Structure formats: C-alpha cells, structure tokens
Peer 1: 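If you scroll down you'll find the structure; I have some questions about it.
The structure presented is a predicted model; accordingly, all values stated were derived computationally and were not measured.
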Amino acid sequence: TFNEIKSLTKILTKLSKLKFKILIVNDASTDNTKKYLNSCQISFIDNKSNIGYEASLIKGMSFIMKNFNKTKNIITFDADGEHKVSDLNKIVKFFSKNKLDLLICNRTNIQRFSEKIVNFFFNLKFKMYDPLSGLKVYKKTVLKKYLQKVQKNFFLVDLTVFICSNNYKVKNFPIKCNILKNRQPRIGNSLQANFKIFKILGKVISNDNK
C-alpha cells in the first residue's frame, strides 16, 4: 500500500470477517497509513523509503518465508480497491480443489492497452491470461524456489513466467475488477509504466526462464 488509506481501511474491515493471516507492506506512505496500522492488530512492514510496488511485494513474500512458518500459500492483493474481497473465498476454494502451484486471477476488464498486448502474447506462449494481475495465489514451496531469482531485478512477472515454464500446475480464475477513476500506475507514471510493460513483453516472448 502507498497512500491508499481510504481503500485500505475498507479492505481490512472486510478481511477481518474472513480467516486469513494478513501482512501489509506500507511503502513509506505519507498519509495516515502507518498510524492506522499501529492501531490495528495486524502484521505490517514499514518501508523507510519508497521502494516501489514490485520490490515491496517481494519484500513481503520474503518476510512471510522467514516468519510465517505454518503458511502454505500466499495471496497477493492490491490495496487500491481494484480487487474484490468477496472473491477471496471462491479463489482459495478453487486453488485448493485443483491442487495448484499458482493461480492467476485474470481480469476480464483490463484497461491499459499495453497490458492487453502482454496478455495476448502470454496467452499465445502459455495458454494463460494476465501475468500482470495483482491478485494471485502462490504455493509457498514453489514460490520459495524462484523468489531469490527475482529479488535483484524486481520484475515480479518473472515469477509467473518461471512457474509457467517449468511444468507446474497453473490455472486462471476470471475476476471482474472495480474500475478506479484517476488510477495512478503502480510502476511509475504512464510513460514509465508502459515502457516497463513492454520490457516485460520481451521477457514473456524470449522465455529464457528454465
């Protein structure tokens, strides 16, 4: 989360009614996020400086690997309000029933054109959709195997490509996201975001991730 206190409080209120262990990564928010998290009985990491979306997620995953010993699976969930908490129980049930290593919750209403292009080629390569979705479920043991490889370059999509390239059990779960007005890109401004997305496209196409 980064300066998303309004949507974060709504998400956590809904999550409190479900049986999930929660870890928040606060990416040096300048609003009241830290004060709010201190008042809650929720585990959180407080970044001293803003390190960005992907680096924060990887930091959170690494923390879980070291400290949440009984955790078997990890769900990534954005704090901007795009994802619906009401989908979570259905997602977990589907993941468990199919004994998956990775579940990609593919958005049925992707807005950015560059993401649609990545989506097209990813489907062409792996017969799967939406590697850039922020809502995924990872089997912890599989994630641990590849997490070290992405910690330096912060291309989080590499995790998805690694797993899809190495004969693990991966499926899609279609979700319809909330449409956010004036949404800011999580990986820089629009130009930076599109540039990075096209670099990601090169990775998906080359697929040198065995």
Peer 1: Do Leu147 and Leu57 share a hydrophobic cluster, counting only Ile, Leu, Val, Met, Phe, Trp and Tyr and linking them when any side-chain heavy atoms are less than 4.5 Å apart?
Peer 2: yes

Peer 1: Answer yes if Tyr129 and Leu132 sit in the same cluster of Ile, Leu, Val, Met, Phe, Trp and Tyr residues linked by side chain heavy atoms under 4.5 Å apart, and no otherwise.
Peer 2: no

Peer 1: Taking Lys145 for the side chain and Ile163 for the main chain, is one N or O donor matched with an acceptor at less than 3.5 Å?
Peer 2: no

Peer 1: Of all residues at least two apart in sequence or in a different chain, which pass the side-chain hydrogen bond (donor to acceptor under 3.5 Å, both in side chains) check with Lys84?
Peer 2: none

Peer 1: Once you round to the nearest 0.5 Å, how far does CG of Asp46 lie from CG of Leu37?
Peer 2: 8.0 Å

Peer 1: Which distance, rounded to the nearest 0.5 Å, do you find between the CG of Leu102 and the CG of Asn73?
Peer 2: 11.0 Å

Peer 1: Taking salt bridge (charged side-chain N to carboxylate O under 4.0 Å, His left out) as the definition, give me every residue that meets it alongside Asp31, ordered by chain and number, with sequence neighbours left out.
Peer 2: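 Partners of Asp31 under the salt bridge (charged side-chain N to carboxylate O under 4.0 Å, His left out) test: none.
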
Peer 1: Do Tyr53 and Val150 belong to the same hydrophobic cluster, where Ile, Leu, Val, Met, Phe, Trp and Tyr are linked whenever their side-chain heavy atoms lie under 4.5 Å apart, directly or via other members?
Peer 2: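 Yes, because Tyr53 and Val150 connect within a single hydrophobic cluster, where side-chain heavy atoms sit under 4.5 Å apart.
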
Peer 1: Specify whether Phe63 and Phe68 have parallel, tilted or perpendicular ring planes, treating 30° as the upper limit for parallel and 60° as the lower limit for perpendicular.
Peer 2: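 Ring orientation, 0 to 90° scale: perpendicular.
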
Peer 1: Show every donor-acceptor pair shorter than 3.5 Å between a side-chain atom in residues 11-23 and any protein atom, with sequence neighbours excluded, or say none if there are none.
Peer 2:
residue: Thr13; atom: OG1; partner: Thr9; partner atom: O; Å: 2.8
residue: Ser16; atom: OG; partner: Thr13; partner atom: O; Å: 2.5

Peer 1: More than 12 foreign heavy atoms under 6.0 Å from NZ of Lys171: is that the case here?
Peer 2: no

Peer 1: Mind checking the SG-NZ spacing from Cys164 to Lys169? Nearest 0.5 Å is all I need.
Peer 2: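 Output value for this atom pair is 14.0 Å.
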
Peer 1: Working to the nearest 0.5 Å, report the span between SG of Cys177 and CG of Asn106.
Peer 2: 9.5 Å

Peer 1: Could you give the distance from OH (Tyr36) to CD1 (Ile24), rounded to the nearest 0.5 Å?
Peer 2: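 Here the rounded value is 8.5 Å.
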
Peer 1: Would you please name every residue forming a side-chain hydrogen bond (donor to acceptor under 3.5 Å, both in side chains) with Ser86, sequence neighbours left out?
Peer 2: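 Not a single residue meets the side-chain hydrogen bond (donor to acceptor under 3.5 Å, both in side chains) criterion with Ser86.
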
Peer 1: Apply side chain to side chain donor-acceptor pair (under 3.5 Å) to the pair Asp158 and Tyr146, showing each step before the final yes or no.
Peer 2: CA-CA 9 Å; Asp158 280 340; Tyr146 296 105; over 6 Å; no

Peer 1: Between Thr76, Leu156, Leu143, Leu159, which is the residue that forms a side chain to side chain contact (heavy atoms under 4.5 Å, CB included) with Lys136?
Peer 2: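 That would be Thr76; it is the only one of Thr76, Leu156, Leu143, Leu159 passing the side chain to side chain contact (heavy atoms under 4.5 Å, CB included) with Lys136.
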
Peer 1: Say whether Phe162 and Met128 are linked into one hydrophobic cluster, either directly or through other cluster members, by side-chain heavy-atom distances under 4.5 angstrom.
Peer 2: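 Yes; tracing contacts between hydrophobic side chains, which count when under 4.5 Å, links both residues.
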
Peer 1: What residue pairs, at least two apart or across chains, pass ring pair (Phe, Tyr, Trp, His ring centres under 6.0 Å) with a residue in residues 69-88?
Peer 2: Phe77-His83

Peer 1: Tell me, please, which residues at least two apart from Asp130 pass salt bridge (charged side-chain N to carboxylate O under 4.0 Å, His left out).
Peer 2: Arg107

Peer 1: Return the set of residues passing side-chain contact (heavy atoms from CB on, under 4.5 Å) with Lys176 (not counting sequence neighbours), or none when no residue passes.
Peer 2: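 Partners of Lys176 by the side-chain contact (heavy atoms from CB on, under 4.5 Å) criterion, ordered by chain and then number, come out as Thr108, Asn109.
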
Peer 1: Let me check something: any side-chain donor-acceptor pairs from residues 88-99 under 3.5 Å, sequence neighbours excluded? List them with distances.
Peer 2:
residue: Lys90; atom: NZ; partner: Asp87; partner atom: OD1; Å: 3.3
residue: Ser96; atom: OG; partner: Val92; partner atom: O; Å: 3.1
residue: Asn98; atom: ND2; partner: Phe94; partner atom: O; Å: 2.8

Peer 1: Checking Asn172 side chain against Ile104 main chain: does a donor-acceptor pair fall under 3.5 Å?
Peer 2: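 Such a contact is found between Asn172 side chain and Ile104 backbone.
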
Peer 1: Once side-chain hydrogen bond (donor to acceptor under 3.5 Å, both in side chains) is applied, do any residues pair with Asn3, and if so which ones, sequence neighbours excluded?
Peer 2: Thr30

Peer 1: If you measure from OG on Ser133 to CG on Asn119, what distance do you get to the nearest 0.5 Å?
Peer 2: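 That separation rounds to 10.0 Å.
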
Peer 1: By side-chain contact (heavy atoms from CB on, under 4.5 Å), which residues pair with Lys59, not counting sequence neighbours?
Peer 2: Ile45, Asn47, Ile51

Peer 1: Can you name the residues that form a side-chain hydrogen bond (donor to acceptor under 3.5 Å, both in side chains) with Ser29, not counting sequence neighbours?
Peer 2: Asn26

